[in-house]
Amino acid sequence: GKLQNWLLDAENKATAMGKEPIASEPNRIEEQLEKVKEFNAEAIAQGKQVEDLKRSAKGLCNAMEDVGASDETLNYIDGTVDDLKDRLSSVTGATTDRANALQTALVQSQGVQEGLDGILGWLKDAENKLERMKPISLSQDSLSDQIQELQLLKSDVESHIPSVDSLNQSADEVARSGDPQVAKAIQSKLKDLNKRFNTVADKCKDREEDLLVITDKLSDFQDQAKTFEDWLIPTIEQLDSKDTTSLETNLFKEKIAEISSEAAERERDLEDLKKLGNALANSPKTGEVESVKMKIGDCERN
């Protein structure tokens, strides 16, 4: 309910922002841009709630399936979460489009030299943010924060594409008709900007791909660990129970043989789990690997 209320308010806000005329003065445009960026950051932050909700819904659907809930009920839960995700996507899409338009207007209103300096300053900041990004965490909360952190930077980079294109066009005009000395200085800055901008965009894309791959593998690992523990824990309880320990010798032997046979079959599942977990924990791209290592250790010990 809380998320739905926020979304309703956000959709109205995004529509209102889109209709507001773009100012003509650079500092007024900067104010408008700052508001849009703040709002976009708030919208991206809601993505973490949607992901938490998605995980809770998955657990709820599994539990309800076990007690025989109808397909209609399960589809309703899935549909509600998907709808919230789509609406949030529309809000972040609309704010990114608005930031693009404002960023381009800002560069055009500033003139080539000032626009170049402004974007080079922003670029330095974006490079530092990428530099400070830690290895991909295998702890679910930190991983969600890292996904959000990259979404913010990626959205910021995308909003500068039209400005960089616009600057390239304006610089070409200056080079053709302006002072050769000024043109030379502008072209040199522009070359530096284009090269660094493309590097930042490529690094964002690589980081996004790595995050997607590791998120999928971590999700597989968690699902496999849960399936394994769903068999393992009741089996241990069965071994320790009075019903088992008080059986007659023959029946007790039969029961132990049955459990041993099951355990031998599950050995392969444990090997698969270890393989997947170790590949995640030993990857040069991951960090905060303790939770995965502990989970493997627990399953092995049990």
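Just so it is clear, the model here is predicted, and its values are computed rather than measured.
Salt-bridge check for K203 with E127: failed, with every basic side-chain N at 4.0 Å or more from each acidic carboxylate O. Salt-bridge check for D9 with K13: failed, with every basic side-chain N at 4.0 Å or more from each acidic carboxylate O. Ion pairing between a basic and an acidic side chain is recognised when a charged N comes within 4.0 Å of a carboxylate O; R196 and D192 show such pairing. D269 and R266 are joined by a salt bridge, as a carboxylate oxygen and a charged side-chain nitrogen come within less than 4.0 angstrom of each other.
With hydrogens and angles ignored, the 3.5 Å screen pairs no side-chain donor or acceptor of R98 with any backbone N or O of A14. For Q151 (side chain) and A45 (main-chain N/O), no donor-acceptor pair under 3.5 Å exists by modelled atom type.
Heavy-atom minimum distance, A225 versus L273: N-CD1, 3.5 Å. For the residue pair V91 and A43, the shortest heavy atom distance occurs at CG1-CB, 4.2 Å. Between T15 and E11, the closest heavy-atom pair is OG1-O, 2.8 Å.
Residues satisfying the side-chain contact (heavy atoms from CB on, under 4.5 Å) test with T215, not counting sequence neighbours, are L143, I147. For E300, the salt bridge (Lys or Arg N to Asp or Glu O under 4.0 Å) partners at least two apart in sequence or on another chain are K274. By the salt bridge (Lys or Arg N to Asp or Glu O under 4.0 Å) test, D223 is found to be paired with K58, residues two or more places apart in sequence or in another chain being considered. Partners of K275 according to the salt bridge (Lys or Arg N to Asp or Glu O under 4.0 Å) rule, which considers only residues two or more places apart in sequence or in another chain, do not exist here. With sequence neighbours excluded, the residues that form a side-chain contact (heavy atoms from CB on, under 4.5 Å) with K85 are V50, E51, K54. The side-chain contact (heavy atoms from CB on, under 4.5 Å) search around M133 returns L130, E149, L150, L153, R207, not counting sequence neighbours. F39 pairs by the ring-ring contact (aromatic ring centres under 6.0 Å, His included) definition with nothing, not counting sequence neighbours. Taking W6 as the reference, nothing meets the ring-ring contact (aromatic ring centres under 6.0 Å, His included) condition, with sequence neighbours excluded. Contacts of E38 classified as side-chain contact (heavy atoms from CB on, under 4.5 Å), with partners at least two apart in sequence or in another chain: E34.
Among pairs with a residue in residues 150-163, those fulfilling salt bridge (Lys or Arg N to Asp or Glu O under 4.0 Å) read K37-D156, K154-E158, K154-E208, at least two apart in sequence or across chains. Note on residues 129-143: pairs passing salt bridge (Lys or Arg N to Asp or Glu O under 4.0 Å), not counting sequence neighbours, are D125-K129.
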For residues 283-291, which side-chain donor-acceptor pairs fall under 3.5 Å, sequence neighbours excluded?
residue : atom : partner : partner atom : Å
S283    : OG   : K285    : N            : 3.1
K285    : NZ   : D210    : OD1          : 3.2
T286    : OG1  : L280    : O            : 2.7
T286    : OG1  : S283    : O            : 3.2
E288    : OE1  : S137    : OG           : 2.5
E288    : OE1  : S142    : OG           : 3.0
S291    : OG   : L138    : O            : 3.4

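Within a 6.0 Å sphere centred on NZ of K189, other residues, nucleotides and ligands contribute more than 12 heavy atoms.
Side chains of S155 and N40: a donor on one and an acceptor on the other come within 3.5 Å.
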